[in-house]
**Student:** 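My questions all concern the structure below.
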Amino acid sequence: MRHLLKLQDLTREDILSILNLADQLKFERLNGVQKDYLKGKKMGLIFQKASTRTRVSFEVGIYELGGYGLFLSSSDLQIGRGEPVQDTARVLSRYLDGIMIRTFAQQEVEDLAKYGSIPVINGLTDYAHPCQVLADLMTIREYKGSFKGLKMAFIGDGNNMANSLAVGAVKTGMSFAIACPEGYEPDAQIMKWAEENGEFTITHSVKEAIADADVVYTDVWASMGQESERQKRIAAFAGYQVNAENMKYAKPDAMVMHCLPAHRGEEITDDVFEAHAKEIFDEAENRLHAQKAVMVKLLK
Ligand code: CP
Ligand code: NVA
């Protein structure tokens, strides 16, 4: 494993090995043990979109590993003025030991890895959010003990989260069902792969997707970069909400997860969110541990 560009590139063993290390790092942190696994290593953190969790967890994470993180906003970098990613990749490879990038096109992340000579981590594109899903898998395992026999239901937009969760679920042996409106399906190739390699269902019925689910996941209706489609999407996604009525069809002990930020009253009601706040904020915390594990695997 040289990069983390998308979960498809990881084997089941890669994923489990990251999760095991993440558990160990979480345990060490809880017990006040700090080891400089990445002493002196420098991570560039490029952001072309807003972020709370990804930025803070990467900055804190590399610091706790004994390294140093440079926050690089695209509005300050030459990349924001059109310097090609191929050149940026080769320049940054001369200074840094690793790069995390949050951007729009997946191709940009792939190109950064192709032209650079240091590990690249995808911190979210329009296509994928692998760091989030590693933290999600870590959280599911914490709560449920293992992935065996679990069903994950995703309610809402077939976006970057849905794409990565479908891959993560299939790779860890969970079944995955998505309920979305017509025209908002996940990536076609991912759906084909998931159908061929695991248990994958797509439906327009929330009730059908959520039935007997162990994990119910949702995300915003309009992702970053889709702000102008907000009104159209609010209309299209009416009914695709995680609420108390729909939760009746899930298993009684089902977890509710959200990558955050959440729009209460849209994809999730306030009462369901607050009833599952423990899981949701454990999930957010686990971004730190999972990403520390990824950085150690890639940079050490
Ligand atoms: N879930 C997530 O990636 O959050 P941020 O956009 O705040 O980084
Ligand atoms: N789908 C959301 C996820 C945010 C973490 C977005 O891309 O904005």
Side-chain angles (χ1 to χ4, degrees), residues 4-7 22 43-62 69 71-74 99-109 121-140 152 154-168 178-181 184-187 190 215 217-230 232-234 236-237 240-242 256-264 266-268 273 276-277 279-292 294-295:
L4 175 59
L5 309 180
K6 54 188 181 302
L7 287 182
M43 274 289 295
L45 311 172
I46 303 176
F47 285 90
Q48 310 232 35
K49 289 175 175 171
S51 170
T52 297
R53 281 144 288 270
T54 307
R55 176 179 176 180
V56 177
S57 55
F58 266 104
E59 284 200 33
V60 169
I62 185 71
F71 172 70
L72 304 168
S73 162
S74 65
I99 299 175
M100 187 244 60
I101 178 167
R102 165 168 289 196
T103 189
F104 295 87
Q106 179 70 19
Q107 192 57 48
E108 201 173 325
V109 177
I121 299 172
N122 179 351
L124 179 145
T125 59
D126 294 341
Y127 174 76
H129 198 1
C131 290
Q132 178 69 53
V133 172
L134 290 170
D136 298 340
L137 294 172
M138 178 182 177
T139 313
I140 292 167
M152 177 185 279
F154 184 94
I155 311 302
D157 190 17
N159 59 14
N160 43 13
M161 282 309 312
N163 285 339
S164 293
L165 285 166
V167 178
I178 175 169
C180 64
Y184 295 94
E185 294 81 12
D187 178 79
I190 288 184
V215 180
Y217 205 113
T218 190
D219 184 18
V220 291
W221 291 342
S223 286
M224 289 183 276
Q226 298 172 334
E227 288 78 6
S228 66
E229 296 175 26
R230 202 175 136 72
K232 186 182 101 181
R233 284 172 167 268
I234 285 176
F237 284 96
Y240 290 86
Q241 186 185 56
V242 175
V256 172
M257 302 183 77
H258 196 306
C259 56
L260 304 175
H263 287 71
R264 290 171 172 76
E266 291 185 17
E267 75 276 4
I268 190 165
F273 185 97
H276 293 272
E279 286 125 68
I280 293 170
F281 293 107
D282 281 344
E283 176 188 4
E285 178 190 324
N286 285 341
R287 293 292 304 277
L288 173 66
H289 312 300
Q291 287 157 197
K292 281 169 77 175
V294 169
M295 287 190 282

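Order of appearance sets the numbers: ligands from 1, and atoms from 1 within every ligand.
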**Student:** Just by distance, no angles: are the side chains of Y240 and E266 close enough, under 3.5 Å, to form a donor-acceptor pair?
**Tutor:** no

**Student:** Is it true that Q132 and R287 share a donor-acceptor pair across their side chains at a distance under 3.5 Å?
**Tutor:**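 Checked: R287/Q132 side chains pair up, N/O donor to acceptor below 3.5 Å.
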
**Student:** What does the 4.0 Å heavy-atom contact list look like for ligand 1?
**Tutor:**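 Ligand 1 pocket, heavy atoms under 4.0 Å: S51, T52, R53, T54, R102, H129, Q132, C259, L260, R287.
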
**Student:** Could you tell me if N163 and Y127 have a donor-acceptor pair between their side chains, going purely by distance under 3.5 Å?
**Tutor:** no

**Student:** Considering only heavy atoms from C-beta outward, does the side chain of E285 approach that of S57 to under 4.5 Å?
**Tutor:**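 Of all side-chain heavy-atom pairs linking S57 with E285, none is under 4.5 Å.
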
**Student:** Polar pairs, ligand 2 vs protein, N/O only, below 3.5 Å.
**Tutor:**
| unit_1 | atom_1 | unit_2 | atom_2 | d |
| --- | --- | --- | --- | --- |
| ligand 2 | 1 (N) | N159 | ND2 | 3.3 |
| ligand 2 | 1 (N) | N160 | OD1 | 2.9 |
| ligand 2 | 1 (N) | D219 | OD2 | 2.6 |
| ligand 2 | 1 (N) | S223 | OG | 2.7 |
| ligand 2 | 7 (O) | N160 | ND2 | 2.8 |
| ligand 2 | 7 (O) | S223 | OG | 3.4 |
| ligand 2 | 8 (O) | M224 | N | 2.8 |

**Student:** Is the distance between the ring centroids of F58 and F71 under 6.0 Å?
**Tutor:** no

**Student:** Between the side chains of Q106 and T125, is a donor N or O closer than 3.5 angstrom to an acceptor N or O?
**Tutor:** yes

**Student:** Could you tell me if E267 and H258 have a donor-acceptor pair between their side chains, going purely by distance under 3.5 Å?
**Tutor:**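 Side chains of H258 and E267: pair found under 3.5 Å.
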
**Student:** Does the ring of F273 carry R264 above it, NZ/CZ under 6.0 angstrom from centre and within 45° of its axis?
**Tutor:** yes

**Student:** Cationic tip of R55 within the cone over F47's six-membered ring, i.e. under 6.0 Å and within 45° of the normal?
**Tutor:**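 Not satisfied by the 6.0 Å and 45° rule.
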
